[in-house]
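Here the structure comes first, spelled out in structure tokens, and everything after it is commentary.
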Amino acid sequence: MPEFETLDHSNLNSTIYGALCDALIQGRFQPGDRLKIRDLAEQFGTSVTPIRDAILKLANDEAITFRSPRDIRIPAMSEARYREIRSIRVRLEGLAAETAAQVATSADIAALEAILRENEAALACGDGLKGAELNQMFHFMLPKIAGLPVLNGILRRLWLQMGPLISDAYLPGGRAMIDHHYPVVEALKRHDPAAASMAIVDDILLGGKPLLERIEKGTRKP
């Protein structure tokens, strides 16, 4: 289970919910992981009540499966759900990349390139957790550069479900998880909206093949 910093006791519910959302989006949980309310309460330094409230909200977000207080898990994603989310991501992240290409500054591009360098280092040393987190950072930089906060919020909800799967598939996916990010950056440098949109779509469809393979492997009967 990921480690969390002890929090101050003001506005606990939203703070804990946000911290757990970030952990899911960044891939700090993987499909099948079990969440224990008391263990989380100890890590956050709180009572179980705000943890339970955050867990129930995440269940409502379809980010976790709450069968009982003793059986709370990160769900495995079905192929049908993956394909639906992928189709939505293609449209929304394509829009983010297209818009970002119109307004990206040299500082924005430098920030994306810094993420890519760190991601290369994470892959080289086999740090899948760091790689998955950097992958998320890259994708979320695009709506930020584009100045689309509403879109960013929509994508966060989708990535609550995608983060664990991406983390699980990151190291097995190898170069496919990062190679398609480079054409995105090149398109932003040229301020080419169509190419930027096409590049992020390629990343989601082609770079996402290891994710689909992971799902198929998990659902294949022995």
Side-chain angles (χ1 to χ4, degrees), residues 1-78 81-82 84-85 88-89 92-93 96 108 111-112 114-115 118-119 122 127-170 211:
M1 181 179 293
E3 295 183 1
F4 297 96
E5 294 182 3
T6 301
L7 305 173
D8 65 41
H9 287 258
S10 60
N11 202 20
L12 274 179
N13 285 27
S14 62
T15 304
I16 290 170
Y17 172 72
L20 291 173
C21 284
D22 287 344
L24 285 160
I25 290 168
Q26 293 166 5
R28 293 165 61 194
F29 291 107
Q30 293 191 357
D33 282 356
R34 183 180 175 189
L35 281 64
K36 298 181 180 180
I37 291 176
R38 290 195 179 277
D39 288 353
L40 287 169
E42 288 180 9
Q43 286 199 44
F44 281 113
T46 70
S47 69
V48 299
T49 301
I51 303 295
R52 186 184 296 114
D53 290 346
I55 291 293
L56 291 173
K57 192 170 183 181
L58 287 168
N60 188 58
D61 291 334
E62 300 182 289
I64 63 170
T65 301
F66 187 105
R67 295 191 178 95
S68 76
R70 294 182 179 275
D71 190 1
I72 306 166
R73 298 182 186 273
I74 306 300
M77 186 175 291
S78 69
R81 179 171 287 265
Y82 171 78
E84 180 181 356
I85 292 175
I88 298 168
R89 287 184 62 207
L92 297 186
E93 295 191 37
D108 293 328
L112 288 171
I115 292 171
E118 288 188 58
N119 210 335
D127 189 345
L129 179 59
K130 186 64 175 177
E133 180 180 347
L134 290 161
N135 176 75
Q136 176 266 328
M137 288 174 62
F138 183 93
H139 281 265
F140 276 62
M141 273 290 293
L142 297 176
K144 181 180 179 181
I145 293 169
L148 299 172
V150 175
L151 178 55
N152 184 77
I154 295 170
L155 289 174
R156 277 184 65 84
R157 182 176 170 89
L158 295 177
W159 275 70
L160 284 175
Q161 300 175 60
M162 289 299 303
L165 174 63
I166 291 172
S167 177
D168 187 44
Y170 205 81
L211 308 184

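The figures here come from the full heavy-atom set of this structure, side chains too, leaving out hydrogens, waters and symmetry mates. Note that this is a predicted model, so its numbers are computed, not measured.
Under the 4.5 Å side-chain criterion, counting only non-hydrogen atoms from C-beta, Arg28 is in contact with Leu129. Counting heavy atoms from C-beta on, the side chains of Gln136 and Met162 never come closer than 4.5 Å. Residues Leu134 and Tyr170 fail the side-chain proximity criterion, which asks for heavy atoms closer than 4.5 Å. Side-chain contact between Leu40 and Ile55 is present, with at least one heavy-atom pair separated by less than 4.5 Å. With contacts defined as side-chain heavy-atom distances shorter than 4.5 Å, the pair Leu211/Tyr82 qualifies. Looking at Asp61 and Arg157, their side chains come closer than 4.5 Å, going by heavy atoms from C-beta outward. Looking at heavy atoms from C-beta onward, Pro143 lies in side-chain contact with Leu155 at the 4.5 angstrom threshold. Taking 4.5 Å as the limit, some side-chain heavy atom of Ile145 sits within range of a side-chain heavy atom of Leu112.
Scanning all heavy atoms of the two residues, the minimum distance from Pro75 to Ala63 falls at CD-O, 3.3 Å. Scanning both residues, Ala54 and Ile16, for their nearest heavy atoms gives CB-CG2, 3.9 Å. Between Ala122 and Gly131, the shortest heavy-atom contact is CB-N, 3.8 Å. When all heavy atoms are compared, the tightest approach of Ala132 to Ser167 is CB-CA, 3.9 Å. Taking both residues in full, the closest heavy atoms of Gln30 and Ile74 are given as O-CB, 3.4 Å, listed atom of the first, atom of the second, then distance. The two residues Ala96 and Ala146 make their nearest non-hydrogen contact at O-CB, 3.7 Å.
A distance of 9.0 Å separates CG in Leu158 from CD in Glu84, rounded to the nearest 0.5 Å. Remark: Asp71 CG to Thr65 OG1 distance equals 8.5 Å, nearest 0.5 Å. Note that CD of Glu93 and CD1 of Ile88 are 11.0 Å apart. Values are rounded to the nearest 0.5 Å. To the nearest 0.5 Å, atoms CD1 (Ile72) and CD1 (Ile64) are separated by 6.0 Å. Summarising the geometry, atom CE belonging to Met137 is positioned 6.5 Å from atom NZ belonging to Lys130; distances are rounded to the nearest 0.5 Å. Atom CG of residue Leu58 and atom CZ of residue Phe66 lie 11.5 Å apart, to the nearest 0.5 angstrom.
Legend: salt bridge (charged side-chain N to carboxylate O under 4.0 Å, His left out) pairs involving residues 16-26, not counting sequence neighbours, sorted by first then second residue: Asp22-Arg156.
In this structure, Glu133 has no salt bridge (charged side-chain N to carboxylate O under 4.0 Å, His left out) partners at least two apart in sequence or on a different chain.
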Could you check Phe44 against Ile51 for side chain to side chain contact (heavy atoms under 4.5 Å, CB included), going step by step and ending with a plain yes or no? CA-CA 9 Å; Phe44 281 113; Ile51 303 295; 3.5 Å; yes
Test side chain to side chain contact (heavy atoms under 4.5 Å, CB included) on Asn13 and Lys57 and set out the steps. CA-CA 10 Å; Asn13 285 27; Lys57 192 170 183 181; over 6 Å; no
In sequence, state the C-alpha distance, the side-chain angles, and the governing distance for Arg67 and Arg73, and then conclude on side chain to side chain contact (heavy atoms under 4.5 Å, CB included). CA-CA 8 Å; Arg67 295 191 178 95; Arg73 298 182 186 273; 3.9 Å; yes
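Using cut-offs of 30° and 60° for the angle between ring planes, the Trp159 and His139 rings count as tilted.
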